[in-house]
Student: 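This structure is in structure tokens; I'll ask about it shortly.
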Amino acid sequence: MSDELLALTAAEQAKRIESGDVSAAEAFEYWRGRAAGDELGSYLWVAEETPEDAGTLPPVAVKDLFCVEGVPSMAGSRILEGYRPPYTATSVRNLQDAGARVLGKTNQDEFAMGSSNENSGFGPVENPWDRTRVPGGSSGGSAAAVAAGTAPWAIGTDTGGSIRQPASLCGIVGMKPTYGAVSRYGMIAFASSLDQCGPLTRDVTDAAILLRHLQGRDPCDSTSLGIPGEIPLPSAERLDGLRFGIWGMEEAGLEPGVADAVNATLAKVEELGGGVEQIELPNAKHGIAAYYVIAPAEASANLARYDGVRYGPRSGNGDLTSLYEQTRHDGFGEEVKRRIMIGTYALSSGYYEAYYGTAQKVRTRIAQDFAAAFEGVDFVVSPTSATVAFKLGERTADPLAMYLSDYYTVPMPLAGIPAISIPGGLSEGLPVGIQLAGPAFSENKIFEASYALEQAIGWKETPWRR
Ligand code: GLN
């Protein structure tokens, strides 16, 4: 298969497959070759062969933490090395039912904890735009693979920004749906009240198609609802009558080049007939503080199951306590241990109200801020990340600096609402992401608006055409 597929979006490839120009098996084989040739560390596993039934859609790259039957699924952690689940996550199963086969498992920060993919137990991922820089995290492998053209499209998870931030840093589209839109069954858990699966794609149309197939109520996940109604292909050309509330442009850490790209996008919003106004989310600045209590608290409970008995490798000999201790000592990376300690501390008797209780109150306030904002505007717009892709190693020594990478993305999952990141331009030759958030279940509206903007921006940049 020639490189002609590389230039096409997944939707365009699906049409070629449907028309019989290309067979699904040829497409799979082509992408399998691309994935196997990846040099960025994007993949932890690539399909060994083309499936007999290659489906009807281009294959999809899947973040490592999605359980896929018989396929290594380790959530980027050494503690799950060699684990091959006996079942497949509902989200992945839905894609398979729709005709997309699993191309490979993508690298990620261990248990999705990170913003740079440097916390993976299996080595970092390099950003295809500049291999000395991070792709973002924790879905860094999925983002790098789509941006580098080693996958036609991909899925990831977002707990505090892990779809949108890497999408932003790699110059692609990433969408975090409303909490409950997509089943979490079979997704190796980080923080269950925040985790949500979503698409990482070349463009908005591909994201809409992928979400159409991913979403749905699942009896195996009692928090899942699906998205009411259909997800049509977005087609809007104008933004007339829509109001965009800008948030976060005054922050000290915002790079001037990022601000310029956001402002240029806001000018496009107005050209297309949309209204732009400043809004306040008074409590959003406390998002990071609340998130870094709530997410570690939930993680400390979710990660208790990795004990050397039920999954993966086992260390230690002698008594049971030393088996648990040694296994967890050897199997978990530093960041995961840090979070387990923060989480268990925050939940401990006597401190629970002061930390966890307070963080939950902040969470409610942030949700109320968004609700109030959406009485006046249709979307909240902001940068996705305050900076373009940073250098590998730049923030690893300082966990707090790393945590601040998620300043703009953490409030939305705390409020449970959907948000997309689309490429808005370049700063210093690196992609800048624009974030659009809307009320719960406004996915279609977000797709329509971001599609119109995408056409106006005319983003054609890819690292591989250079
Ligand atoms: N970077 C954030 C964290 O480290 C968010 C990660 C995520 O969304 N999974 O927790």
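Order of listing sets the numbers, starting from 1, for every ligand and every atom in it.
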Student: Considering only heavy atoms of Ser138, which atoms of ligand 1 have at least one such atom less than 4.0 Å away?
Tutor: 9 (N)
Student: Among all the protein's non-hydrogen atoms, which is closest to atom 4 (O) of ligand 1, and how far away is it?
Tutor: Arg339 NH2, 2.7 Å
Student: What part of Tyr291, side chain from CB on, backbone N/CA/C/O, both or neither, has a heavy atom under 4.0 Å from ligand 1?
Tutor: side chain
Student: Please report which non-hydrogen protein atom sits nearest to atom 1 (N) of ligand 1, along with the residue it belongs to and the distance in Å to one decimal place.
Tutor: Asp406 OD2, 2.6 Å
Student: Would a line drawn from the ring center of Phe441 to the ring center of Tyr179 be shorter than 6.0 Å?
Tutor: no
Student: Taking non-hydrogen atoms only, is Phe111 closer than 4.0 angstrom to ligand 1 via side chain, backbone, both or neither?
Tutor: neither
Student: With no hydrogens and no angle check, just 3.5 Å: does a side-chain donor-acceptor pair link Thr178 and Glu443?
Tutor: yes
Student: Please confirm whether Tyr87 and Tyr185 have ring centers closer than 6.0 angstrom.
Tutor: yes
Student: Number the atoms of ligand 1 from 1 as they appear, then name those within less than 4.0 Å of a heavy atom of Met113, with their elements.
Tutor: 4 (O)
Student: What part of Ser162, side chain from CB on, backbone N/CA/C/O, both or neither, has a heavy atom under 4.0 Å from ligand 1?
Tutor: both
Student: Within ligand 1, which atoms have a heavy atom of Phe190 less than 4.0 Å away?
Tutor: 9 (N), 10 (O)
Student: Looking only at side-chain N and O atoms, does Thr157 offer a donor or acceptor that is under 3.5 Å from a partner on Asp195?
Tutor: no
Student: Between Tyr356 and Tyr352, is the ring centroid distance below 6.0 Å?
Tutor: yes
Student: Heavy-atom contacts under 4.0 Å between Gln196 and ligand 1: side chain, backbone, both, or neither?
Tutor: neither
Student: Return yes or no for this condition: an N or O of Gly161 is under 3.5 Å from an N or O of ligand 1.
Tutor: yes
Student: Could you tell me whether Arg78 sits above the aromatic face of Phe332, with NZ or CZ closer than 6.0 angstrom to the six-membered ring centre and within 45 degrees of the axis?
Tutor: no
Student: Using ring centroids (six-membered ring only for Trp), state whether Phe111 and Phe190 fall under 6.0 Å.
Tutor: no
Student: Measure centre to centre between the rings of Phe374 and Phe379, then say whether the value is under 6.0 Å.
Tutor: no
Student: So, does Arg314 use its side chain to make a donor-acceptor pair with the main chain of Gly308 at under 3.5 Å?
Tutor: yes
Student: Give the numbers and elements of all ligand 1 atoms closer than 4.0 Å to a heavy atom of Gly114.
Tutor: 1 (N), 2 (C), 3 (C), 4 (O), 6 (C)
Student: Which atoms from ligand 1 have a heavy atom of Ala112 less than 4.0 Å away?
Tutor: 6 (C), 7 (C), 9 (N)
Student: Nearest protein heavy atom to atom 3 (C) of ligand 1, by residue and atom, and its distance?
Tutor: Tyr292 OH, 3.1 Å
